[in-house]
Amino acid sequence: MPVKVRFAPSPTGFLHIGGVRTALFNWLFARHAGGEFHLRIENTDTGREVAEATDQIKESLSWLGLDWDGPVTFQLDQTERCQVEARRLLEEGKAYEDEGAIRIKMPDEGVTGWDDAVRGPVEVANDTIEDLIILRSDGRPTYNFASPLEDWLDGITHVIRGDDHVSNTPKQIRVLEALGAEIPVYAHVGNVLGLDGKKLSKRHGAVGVDEFRREGYLPEALVNYLALLGWSYDDKTTIMSREELISRFTIERVAGSPATFDYEKLEWMNGVYLRELGEDAYAAALTTFLGEQGLDWDADLVRRTVPLVQVKLVRLDRYPEYAGFFFRDVTPDPKLLDARVLAAAEEALNKLDPFETEAIEQALRSLAESLELKPGKAFQPIRAAITGTNVSPSLFESIELLGREKTLQRLRAAAALAKD
RNA sequence: GCCCCCAUCGACUAGCGGCCCAGGUCACAGCCCUUUCAAGGCUGCAGCGCGGGUUCGAAUCCCGCUGGGGGCACCA
């Protein structure tokens, strides 16, 4: 039987990073097996912002490259079918009415168990499972009825979901049995925790996918990082392309223990991906990102700054601060300046020909020498004058790219500032 | 309160009885490189929660404890 899995978020808000991880595992599992990955919106509880949240979920998945098969389905669409099935269970004596709602009968003795694909055998005593309501008195199905029912209708073969669903599983298995449906394979993945050891939630920093996007993370990096949160290929492999992830992913190597989300490692990994990009691809990513930030900077100039910044940035959102001086004026802190050095620099660069990196470096080095200053000491005031700060891309290349006119202009302006 | 799940360096993890006085990655520290910051190279710091078993032999198996997480709705 071909593999068929689903990711079933509820449309209550943006896509949570823990949810994304669940989606990713489902997706990797399906793609590895050549099966299908479906997106189902569990809107059993009529939400107010369904449309908006659904769009956002779809966009987040798309951005990450997690494509789904077939149309997006909505649980609410199965309301009638749920009612029909509930009535059937009633007729078959497997359910009963209770104050207008319908409850399913659960066995009082014995156990309900399953062989969890990540945890192994799990058993729950039946006397701890109550007769749950499957249809509310207003006719709407409850989650624990609608979800397994739709899994059955959709022919879902594997249910891969978060740890928090473990206690729902025995209930859903009983529902499925009553329905006469086949029981899918269940796999419960450990939860994602925040730095404080608590389950990740909106309280703990950037947990929505959107936020990672705004902070300049690459989807490839996020996917790679997330894949390693609870799954591993072997004892030493860390960086894996999407294709490698797909071909290597198996549910057997997924861990059942909770994992703490580590921003520092994600950043490091993002840097790895950023550095691996070709210069044109890097420029394209940067331009797109800047556009999303509302910064309409000259794409050609952005492209030319790439060689100067690529190895330096670990996140795209650092670019404006780091390379913004190419696009807008600067106001350096006077404390970083030195009028004598700046005046000398202006003179040295004024009629330099050609105005190129190598010549610039040569000129400034001999300037340092004649002023009897260590190179680093002499360059810092110049750096501040040119870039506005004491942390910047390589000075000589920056000067070449900025051009003679602007360079001299900034040198003069800074020299004036320094005198006060 | 009841039920379920989990437990290796600060973090993510490898380990499925001897290959482990525990390996990799991030973080951290030191050194090298160096025009700042990064990146890179090298070195280092650091862990099997506790107590009982089983076994010739346990991080690996069993039991208990402790700790953490999740669940017990006409929420999903």
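In what follows, chains are A, B, ... by sequence order, proteins preceding strands, each numbered from 1. As the structure is a computational prediction, the values presented were derived from the model and not from experiment.
B:U60 sits 29 Å from B:C2 when the P atoms are compared, rounded to a whole Å. Between B:C45 and B:G10, the two P atoms lie 14 Å apart (nearest whole Å). Comparing B:A39 with B:U25, their P atoms are spaced 15 Å from each other, to the whole Å. For the P atoms, the distance from B:U66 to B:A22 is 31 Å, rounded to whole Å. Nucleotides B:A59 and B:G51 place their P atoms 13 Å apart, quoted to the nearest Å. Taking the P atom of each, B:U43 and B:C26 are spaced 14 Å apart, rounded to whole Å. Using P as the reference atom, B:A73 and B:C48 are 40 Å apart when rounded to the nearest Å. Comparing the C1' positions of B:A27 and B:U13 gives a spacing of 15 Å, expressed to the nearest Å.
In this entry B:C31 has B:G41 as its Watson-Crick or G-U wobble partner, both defining distances falling under 3.5 Å. Base pairing analysis places B:G49 opposite B:C65; the two distances defining the Watson-Crick or G-U wobble pair are each below 3.5 Å. The partner of B:G1 is B:C72, by the rule that a Watson-Crick or G-U pair needs both atom distances under 3.5 Å. Nucleotide B:G10 forms a pair with B:C26, judged by Watson-Crick or G-U wobble geometry with both contacts under 3.5 Å.
Rounded to whole angstrom, the span from the CG atom of A:Asp234 across to the C1' atom of B:U13 amounts to 11 Å. Whole-Å rounding puts the A:Leu193 CG to B:A11 P distance at 11 Å. Between the CG atom of A:Asp164 and the P atom of B:C4 there is a distance of 17 Å, given to the nearest Å. Straight-line distance from the NZ atom of A:Lys171 to the C1' atom of B:C74: 14 Å, rounded to whole Å. The interatomic distance linking A:Asp127 (CG) with B:C4 (P) rounds to 10 Å, in whole Å. In this structure, CD of A:Gln362 is placed 15 Å from C1' of B:U35, rounded to the nearest angstrom. Rounded to whole Å, the distance from CD on A:Glu267 to C1' on B:A38 is 13 Å. Rounded to an integer number of Å, the gap from OH of A:Tyr263 to C1' of B:C26 is 16 Å.
Of the charged side-chain nitrogens involved, none lies within less than 4.0 Å of a carboxylate oxygen, so that A:Asp338 and A:Lys377 do not count as a salt-bridged pair. Ion pair A:Glu361/A:Arg365 flagged as a salt bridge, since at least one NZ, NE, NH1 or NH2 atom sits closer than 4.0 Å to an Asp/Glu carboxylate oxygen. A salt bridge links A:Arg140 with A:Asp138: the distance from a Lys NZ or Arg NE/NH1/NH2 to an Asp or Glu carboxylate oxygen falls below 4.0 Å. No salt bridge links A:Glu267 with A:Lys265; every basic N to acidic carboxylate O contact stays at or beyond 4.0 Å. Ionic pairing of A:Glu91 and A:Arg88 is not present here: no N-O contact between side-chain nitrogen and carboxylate oxygen is shorter than 4.0 angstrom.
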| A:Tyr319 and A:Phe289: CA distance, side-chain angles, deciding distance, ring pair (Phe, Tyr, Trp, His ring centres under 6.0 Å) verdict | CA-CA 10 Å; A:Tyr319 184 82; A:Phe289 175 81; 9.0 Å; no
| field | Steps toward ring pair (Phe, Tyr, Trp, His ring centres under 6.0 Å) verdict (A:Tyr143, A:Phe145) | value | CA-CA 5 Å; A:Tyr143 165 77; A:Phe145 184 54; over 10 Å; no
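Backbone-only engagement by A:Ser257 is indicated by non-hydrogen atom pairs under 4.0 Å involving sugar-phosphate atoms exclusively. A:Leu229 comes within 4.0 angstrom of sugar-phosphate atoms only, judged by non-hydrogen atoms across all strands, and of no base. At the heavy-atom level, A:Asn390 lies under 4.0 Å from base atoms of the strands shown. Contact annotation for A:Gly162: no contact, since no heavy-atom pair falls under 4.0 Å across all strands. Contacts of A:Ser137 with the nucleic acid, taken as non-hydrogen atoms under 4.0 Å apart, include base atoms. Contacts of A:Glu99 with the nucleic acid, taken as non-hydrogen atoms under 4.0 Å apart, include base atoms. Heavy atoms of A:Leu395 sit under 4.0 angstrom from at least one base atom. Nucleic acid contact class of A:Glu130 (heavy atoms, under 4.0 Å, all strands): sugar-phosphate only. Contact annotation for A:Thr389: no contact, since no heavy-atom pair falls under 4.0 Å across all strands. Among the protein residues, A:Arg253 comes within range of the sugar-phosphate backbone only, with heavy atoms under 4.0 Å from sugar or phosphate atoms but none that close to a base. Counting any heavy atom pair closer than 4.0 Å across all strands shown, A:Asp116 reaches no nucleic acid atom. A:Pro9 comes within 4.0 angstrom of no nucleic acid atom, judged by non-hydrogen atoms across all strands. Counting non-hydrogen atoms under 4.0 angstrom, A:Lys312 reaches a base of the nucleic acid.
Each of B:U35, B:G70, B:C3 was ranked by its minimum atom distance to the side chain of A:Asp163; first place goes to B:G70. Picking from B:C37, B:C74, B:A76 the nucleotide with the shortest atom distance to the side chain of A:Tyr322 gives B:C37. With B:C74, B:U35, B:U36 as the choices, the nucleotide that has an atom nearest any side-chain atom of A:Phe396 turns out to be B:U35. Among the nucleotides B:A39, B:C72, B:A76, the one closest to any side-chain atom of A:Ser10 is B:A76. Closest approach to the A:His165 side chain among B:G71, B:C37, B:A76 is made by B:A76 (side chain taken as heavy atoms from C-beta onward). Side chain of A:Arg383, nearest nucleotide from B:U36, B:U25, B:A76: B:U36. Taking every side-chain heavy atom of A:Val311 into account, B:A38 is the closest of B:C26, B:C72, B:A38. Of the candidate nucleotides B:C26, B:C4, B:U35, B:C26 has the atom nearest to the side chain of A:Trp268. Residue A:Ser232 has its side chain nearest to B:A14 when only B:A14, B:C74, B:U35 are considered. Side chain of A:Asp235, nearest nucleotide from B:U35, B:A14, B:C4: B:A14.
Using a 30° and 60° split on the angle between ring planes, A:Phe7 and A:Phe37 fall in the parallel class, below 30°.
Contact annotation: A:Arg161 does not reach the phosphate of B:A76 (side-chain N/O to OP1 or OP2, under 4.0 Å). Listed pair A:Arg103 / B:C74 meets the phosphate criterion, a side-chain N or O lying under 4.0 Å from OP1 or OP2.
In this model, no side-chain donor or acceptor of A:Asp262 finds a partner on the base of B:A27 within 3.5 Å. Residue A:Thr260 places no side-chain atom within donor-acceptor reach of the base of B:C12, judged by atom type and a 3.5 Å distance cut-off alone. Between the side chain of A:Lys374 and the base of B:U35, no donor-acceptor pair of N or O atoms lies under 3.5 Å. A:Tyr225 contributes no side-chain N or O that forms a donor-acceptor pair with the base of B:C12 under 3.5 Å.
In terms of modelled atom types and a separation under 3.5 Å, the side chain of A:Tyr217 and the main chain of A:Leu316 share no donor-acceptor contact. Judged by distance alone, with hydrogens and angles left aside, the side-chain atoms of A:Asn191 form no donor-acceptor pair with the main-chain N or O of A:Pro258 at under 3.5 Å.
Heavy-atom distances to RNA chain B give each of A:Leu228 and A:Val122 a nearest nucleotide, and the one nearer the 5′ end belongs to A:Val122.
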